[in-house]
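In what follows, every heavy atom counts, from backbone to side chain, and hydrogens, waters and symmetry copies are set aside.
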Amino acid sequence: MADRIFGGFFALLGLAIILSTQQIVQNFPGTGDPGPRILPYIIGALLLVLGLALAVQRRKPRTADDLSEEVLDAIRSGPDNPNVGIQKPPSPVRRVGIMLGFVAFIPLIDVLGFSISATLFLAWVMSLMDKITVRRVLVRSAAALVVTVILGLLMSHALNLSVPGVWFS
């Protein structure tokens with residue numbers, strides 16, 4: 001049930017992104033330059049398609065027959081087995097926090113720029129995915145910073161896109 005709710009939410013969000021992207025001004029239409037609309041269109045389309053896929057999928061319940069012998073042995077040996085690294089999904093409260101972070105990320109791009117808002121968003125989401133400790137938050141914040149800088153460099157230099165607030169552009 002939660003998959004359908006979140007899938008529907010992300011599909012609607014993708015549709016909203018696609019519709020609002022049409023308001024972005026094309027600087028030089030007809031020159032073959034994709035302009036600033038290309039990235040929001042891609043993100044919106046991906047959210048729409050993947051959200052719909054999540055909302056309508058039919059999941060077959062897993063049985064012990066679906067698991068390999070290695071996995072079954074690891075499960076039987078209990079939590080003391082160092083090979084058992086099954087991570088539980090985030091709690092419903094954390095899922096809502098992740099969704100709120102995503103909703104806040106979109107308007108923050110205009111206010112703070114891409115680099116700051118993307119770093120905050122990624123650090124927030126990665127921190128909510130698992131147990132929160134100071135060390136984990138710092139490591140995930142550093143990872144978010146690295147990913148944001150790499151994405152910013154790719155967008156500004158490799159794709160030659162003008163995204164507001166990209167560092168090192």
Side-chain angles (χ1 to χ4, degrees), residues 1-29 33-62 86-132 136-169:
M1 181 66 173
D3 286 346
R4 291 181 187 203
I5 293 170
F6 281 100
F9 169 77
F10 286 122
L12 287 175
L13 188 61
L15 183 62
I17 290 171
I18 290 171
L19 294 176
S20 62
T21 297
Q22 295 175 3
Q23 297 175 359
I24 298 174
V25 178
Q26 285 287 117
N27 295 336
F28 305 105
D33 180 16
R37 291 181 179 182
I38 189 75
L39 191 63
Y41 273 138
I42 291 170
I43 292 171
L46 284 172
L47 275 172
L48 179 64
V49 169
L50 295 175
L52 286 174
L54 183 63
V56 299
Q57 76 177 353
R58 302 256 184 231
R59 252 197 260 166
K60 182 178 94 174
R62 290 186 81 178
I86 299 172
Q87 182 177 355
K88 292 186 283 187
S91 68
V93 173
R94 288 185 181 210
R95 289 180 191 177
V96 170
I98 291 168
M99 186 173 64
L100 290 175
F102 190 74
V103 170
F105 169 66
I106 297 169
L108 281 178
I109 290 176
D110 289 334
V111 178
L112 301 176
F114 172 78
S115 295
I116 295 173
S117 59
T119 302
L120 290 173
F121 168 70
L122 289 174
W124 173 259
V125 169
M126 287 190 288
S127 295
L128 286 179
M129 292 301 285
D130 197 9
K131 187 172 151 184
I132 297 177
R136 287 181 180 178
V137 170
L138 291 175
V139 167
R140 290 172 180 162
S141 297
L145 183 63
V146 169
V147 168
T148 301
V149 168
I150 290 171
L151 283 176
L153 289 172
L154 282 174
M155 285 189 293
S156 63
H157 295 292
L159 298 175
N160 205 16
L161 298 173
S162 61
V163 180
V166 172
W167 296 331
F168 311 117
S169 59

Q. To the nearest 0.5 Å, what is the distance between CG (Leu48) and CD1 (Ile43)?
A. 13.5 Å
Using distance only, find each side-chain donor-acceptor pair of residues 107-115 under 3.5 Å and give its atom names and separation, not counting sequence neighbours.
unit_1	atom_1	unit_2	atom_2	d
Ser115	OG	Gly165	O	3.1
Ser115	OG	Trp167	N	2.9

Q: Taking all heavy atoms of Arg37 and all of Gln22, pick out the closest pair and write down the distance.
A: NH2-O, 3.2 Å
Q: Kindly determine whether Arg94 and Ile132 satisfy side chain to side chain contact (heavy atoms under 4.5 Å, CB included), including the steps that lead there.
A: CA-CA 11 Å; Arg94 288 185 181 210; Ile132 297 177; 3.9 Å; yes
Q: Could you tell me the separation between the CG atom of Leu151 and the CG atom of Leu159, rounded to the nearest 0.5 Å?
A: 10.0 Å
Q: May I have the step-by-step check of side chain to side chain contact (heavy atoms under 4.5 Å, CB included) for Trp124 and Arg140, ending in yes or no?
A: CA-CA 9 Å; Trp124 173 259; Arg140 290 172 180 162; over 6 Å; no
(Q) How close do Ala118 and Thr148 get, counting heavy atoms only, and between which atoms? (A) C-OG1, 3.7 Å
Q) Can you name the nearest heavy-atom pair linking Leu47 to Gly14, along with the distance? A) CB-CA, 3.7 Å
Q.
Show the nearest heavy-atom pair for residues Ala123 and Ala144, with the distance to one decimal.
A. N-CB, 3.6 Å
Q) Nearest 0.5 Å, what's the CD1-CD1 distance between Ile17 and Ile42? A) 12.5 Å
Q: Please report the closest heavy-atom contact between Thr119 and Ser141, naming both atoms and the distance.
A: CG2-O, 4.5 Å
**Q.** Nearest-0.5 Å distance, CE of residue Met155 to CD1 of residue Ile38
**A.** 13.5 Å
Q) How about Phe9 and Leu13: do any of their side-chain heavy atoms sit closer than 4.5 Å? A) yes
Q.
Does any part of the side chain of Val125, heavy atoms only, come nearer than 4.5 Å to the side chain of Phe105, both counted from C-beta?
A. no
Q: Give the minimum heavy-atom separation between Val25 and Pro36, together with the two atoms involved.
A: O-CG, 3.7 Å
Q.
To the nearest 0.5 Å, what is the distance between CG on Leu120 and CG on Leu145?
A. 10.5 Å
